[in-house]
2 protein chains.
Amino acid sequence: MDTTTLDIDAMRAAAGQATAVLSVLANANRLLLMCQLGQGEKSVGELEELLDLHQPTLSQQLGVLRAEGLVNTRRDGKKIYYSVADERVLALLATLYQLYCPRAGDSTR
Amino acid sequence: MDTTTLDIDAMRAAAGQATAVLSVLANANRLLLMCQLGQGEKSVGELEELLDLHQPTLSQQLGVLRAEGLVNTRRDGKKIYYSVADERVLALLATLYQLYCPRAGDSTR
DNA sequence: AAAACAATATATTGACAAACATAATACCGG
DNA sequence: CCGGTATTATGTTTGTCAATATATTGTTTT
């Protein structure tokens with residue numbers, strides 16, 4: 001039996017899932033948003049201040065995160081709170097953090 | 001002292017590095033290429049057969065990988081061999097594999 | 001309950017970059 | 001100099017980013 005063809009199809013399917021998420025994270029604003037959300041739930045206003053983005057730009061990128069199912073939202077009065085919805089993305093963020101975030105004042109090293 | 005501003009700048013710098021790599025991987029063909037290379041050095045011809053791509057398309061994506069410094073090349077006669085150049089990308093690929101590659105016939109589970 | 005205000009979302013647009021196909025070009029060994 | 005191997009050039013189509021302007025939803029004030 002020819003496992004080659006099967007393998008490549010399965011791989012393409014998995015790659016499709018992965019690239020969907022990678023595409024979302026492959027933007028500095030969105031990646032930073034997800035990093036912030038990785039630390040815990042935040043309101044749009046908080047995110048706006050943390051990242052210093054124009055509000056519509058922020059909202060648009062949050063829309064992308066929503067559309068891909070990477071975040072959950074919760075309304076409380078006027079404010080809307082965002083949080084990370086996908087465990088796998090959390091794991092990915094952790095790996096990225098390890099690899100690309102210089103620990104300038106890291107005393108544990 | 002205001003650590004807020006400093007933090008966001010440092011984070012943007014790190015995010016820039018990370019998104020550069022994520023952008024490259026956020027394409028199914030390139031991701032599959034890197035996955036193949038993660039298993040070991042391969043010639044262009046081998047990659048072409050594995051992924052079933054038109055050669056110029058393949059070569060163009062390999063060009064992107066080269067431009068971002070994700071791969072090394074080695075010439076042997078007519079053939080050119082590609083391999084993964086960046087440890088961090090290797091780690092990232094491993095994480096992605098864990099998260100998105102279904103282990104259909106995994107007897108260790 | 002209507003007006004005013006605050007928080008967030010959507011619409012539209014324009015600049016710019018990505019993807020992939022076809023065709024042409026370079027590199028190497030015999 | 002020919003055949004095999006790989007890269008570059010170019011054009012078309014499509015997608016992405018972020019800015020300005022406008023709309024929606026919820027709260028407060030009168």
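Computed from a predicted structure; not experimentally measured. Lettering follows sequence order; numbering is per chain, from 1.
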>> Just by distance, no angles: are the side chains of Y82(B) and R66(B) close enough, under 3.5 Å, to form a donor-acceptor pair?
In response: yes
> Which nucleotide in the set dA19(C), dG26(D), dT8(C) lies at the smallest distance from any side-chain heavy atom of K78(A)?
Replying inline: dG26(D)
> Is atom NZ of K42(A) surrounded by more than 12 heavy atoms (other residues, nucleotides or ligands) closer than 6.0 Å?
Replying inline: yes
>> Which nucleotide wins on minimum distance to the side chain of P56(B), given the candidates dT22(C), dT20(D), dA6(D)?
In response: dT22(C)
>> Taking atom types as they are modelled, would you say the side chain of Q60(A) forms a donor-acceptor pair with the base of dA19(D) within the 3.5 Å cutoff?
In response: yes
> Please walk me through it: do V71(A) and L62(A) pass side-chain contact (heavy atoms from CB on, under 4.5 Å)?
Replying inline: CA-CA 8 Å; V71(A) 293; L62(A) 287 174; 5.9 Å; no
> Which of the following nucleotides, dG4(D), dA6(C), dT22(C), is nearest to the side chain of H54(B)?
Replying inline: dT22(C)
> Any link between L31(B) and L99(A) through a network of hydrophobic side chains (Ile, Leu, Val, Met, Phe, Trp, Tyr) touching at under 4.5 Å?
Replying inline: yes
> Of all the nucleotides listed (dA18(D), dA9(C), dA6(D)), which has the minimum atom distance to the side chain of K79(B)?
Replying inline: dA6(D)
>> On the nucleotide dA9(C), are OP1 or OP2 found under 4.0 Å from the side-chain N or O atoms that S59(A) carries?
In response: yes
> Are OP1 or OP2 of dT8(D) and a side-chain N or O of R66(B) less than 4.0 angstrom apart?
Replying inline: yes
> Near DNA chain D, under 4.0 Å by heavy atom, which residues of residues 67-77 of chain A?
Replying inline: R75(A), G77(A)
>> Does dC17(D) have its OP1 or OP2 closer than 4.0 Å to a side-chain nitrogen or oxygen of N29(A)?
In response: no
>> Need to verify one output field. Residue with the more 5' nearest nucleotide on DNA chain D, S23(A) or Y82(B)?
In response: Y82(B)
>> Counting neighbours of CD on E49(B) that are heavy atoms of other residues, nucleotides or ligands and sit closer than 6.0 Å, is the number greater than 12?
In response: no
>> Base of dA7(C), side chain of Q55(A) - is there a donor-acceptor contact under 3.5 Å?
In response: no
> Between Y81(B) and R75(B), do the side chains contain an N or O donor and an N or O acceptor separated by less than 3.5 Å?
Replying inline: no
